[in-house]
Amino acid sequence: MCVGLTATLAGCGGEKKDPDAGTNGVGKLPATKIEAKARSAANGAEAVHLSGTLVTKGQSYKLDMRLKGDGGTGQVSTKDGTFELLRVGKDLYLKAGADFWSRQEGSRTDQAAADKLGDRYVKVPVGDPSYKQLGGFTDKGVLLDGLLALHGELATGDRGELGGVRTIRILGAEGSGGSLDVSLEGTPYPLRLQRAGGAGVIQLTDWNKDFALAAPDKDDIVDYGRQLPSRA
C-alpha cells in the first residue's frame, strides 16, 4: 500500500516535466549548434515559402516568394509599386502593371514602353543591371544565406510557438544582432527571422512543399531587348 501511495503522489506533480519531451532535441544544444542545424536543414530542403519585410540599402521590400533549387515565383512590393517575379533556370521574368513601368521615367518613350510592357511577362536580359538584384529574390540559396546570418555572440532565448509548432529562439548579441526561431518538432527548420537593426521580419513556411514552376506562354512574354527601361 505504501508503494502504491508513493507512486500516486509522484504522478500528481512530484516530478518536473521535461521541456524537451517529444521534441527533436535541439533545445538541449548550445545556440551555435542550433544555428548550424537550422542552416543545414534550410540548405537541404527542396522548397520554402518566404514572406515578410526586408530592408536593405535603405530600400524596403515586402516579399511573398516560393523558392526551390531551379527557380522561384512570387510577388515583391516597394514604394514604387508591386511586381511579380518568375525565374525558371536562368530565365528571369518580371510582370507589372503599366503604372509601375511609367514611374521609371517621365518621358514619352518610357510611357510608350509602359503601355507595351504592362501586365506582360518581360524577360529580363542576363546582362541588364537589374538581373542580379531581381534574380536574388528568386534564388533560394543566395537569399537564405544572406537572411539567416545573425550578428554577434549567439545565445539561446525563450521557447515559444509559431503556427502550432514549438520553437526555440536563438539570439545574436542578446537580440540586437537579430533572432531566429527554430522548430523543435521534426526537422529543425528556421521558421521566423528578425533581422538586426530593424531590417525586417521574415516568416519561413511550407518547407519541402513542392510547387509548380514553368515559363509563361510565349504569347504572354515581351522580349524588351538588351536592357530594361532605366531604374527598373
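Not measured: the values here are computed from a predicted model. Atom set for the values below is all heavy atoms of this structure, side chains included, hydrogens, waters and symmetry mates excluded.
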Within the distance-only criterion (no hydrogens, no angle test), does the side chain of [X] pair as donor or acceptor with the backbone N or O of [Y] below 3.5 angstrom?
X	Y	result
Asp220	Arg120	no
Asp64	Gln75	no
Asp217	Asp219	no

How close do [X] and [Y] get, counting heavy atoms only, and between which atoms?
X	Y	result
Ala31	Ala155	CB-C, 3.5 Å
Tyr189	Ala42	CD2-N, 4.3 Å
Met65	Thr138	CE-CG2, 3.9 Å
Tyr131	Val124	CD1-O, 3.6 Å
Gly135	Arg87	O-NE, 4.3 Å
Arg159	Leu184	NH1-CD1, 3.5 Å

Please tell me if the side chains of [X] and [Y] come closer than 4.5 Å, counting only heavy atoms from C-beta onward.
X	Y	result
Thr53	Ser60	yes
Val182	Leu180	yes
Val76	Leu85	yes
Arg192	Val201	yes
Leu63	Leu50	yes
Leu67	Thr73	no
Leu191	Val165	yes

Atom pair [atom1]/[atom2] of [X] and [Y] - distance to nearest 0.5 Å:
X	Y	atom1	atom2	value
Thr156	Arg169	OG1	CZ	12.5 Å
Asn24	Glu185	CG	CD	8.0 Å
Glu84	Ser77	CD	OG	10.0 Å
Ser183	Glu161	OG	CD	10.5 Å
Ile34	Leu154	CD1	CG	9.5 Å
Gln133	Thr56	CD	OG1	8.5 Å

* Looking at Asp91 and Lys123, does any basic side-chain N land under 4.0 Å from a carboxylate oxygen? ->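 Counted as a salt bridge, because a side-chain N and a carboxylate O are separated by less than 4.0 Å.
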
* Apply side chain to side chain contact (heavy atoms under 4.5 Å, CB included) to Ile168 and Asp181, showing your working. => CA-CA 6 Å; Ile168 182 77; Asp181 294 303; over 6 Å; no

* With sequence neighbours excluded, give me every ring pair (Phe, Tyr, Trp, His ring centres under 6.0 Å) pair touching residues 141-181. => none

* Structure fact -> Contacts satisfying ring pair (Phe, Tyr, Trp, His ring centres under 6.0 Å) that involve residues 35-62 (not counting sequence neighbours) are Tyr61-Phe137

* Asked: Remaining members of Ile221's ILVMFWY cluster at a side-chain heavy-atom cut-off under 4.5 Å?
  ->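 Besides Ile221, the hydrophobic cluster comprises Leu86, Val88, Tyr93, Tyr121, Phe211, Leu213, listed by chain and residue number.
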
* **Test side chain to side chain contact (heavy atoms under 4.5 Å, CB included) applied to Ser179 and Asp158, Leu193, Leu171, the passing residue** =>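 Going through the options one by one, the only one that passes is Leu171.
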
* To do: Begin from the C-alpha positions of Arg166 and Thr23 and carry the test side chain to side chain contact (heavy atoms under 4.5 Å, CB included) through to its verdict.
  => CA-CA 8 Å; Arg166 287 178 289 175; Thr23 72; 3.8 Å; yes

* To do: Determine whether more than 12 heavy atoms belonging to other residues, nucleotides or ligands lie under 6.0 Å from atom NZ of Lys37.
  =>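 Incorrect, the count does not exceed 12.
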
* To do: Check the surroundings of atom CD in Glu174: do more than 12 heavy atoms from other residues, nucleotides or ligands lie under 6.0 Å from it?
  => no

* To do: Carefully, step by step, assess Leu204 and Leu147 under the rule side chain to side chain contact (heavy atoms under 4.5 Å, CB included).
  => CA-CA 11 Å; Leu204 302 117; Leu147 288 177; 5.7 Å; no

* Asked: Cluster question for you: counting only ILVMFWY and a side-chain heavy-atom cut-off of under 4.5 Å, with indirect links fine, are Leu144 and Val142 together?
  ->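 No; Val142 is not reachable from Leu144 via cluster members.
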
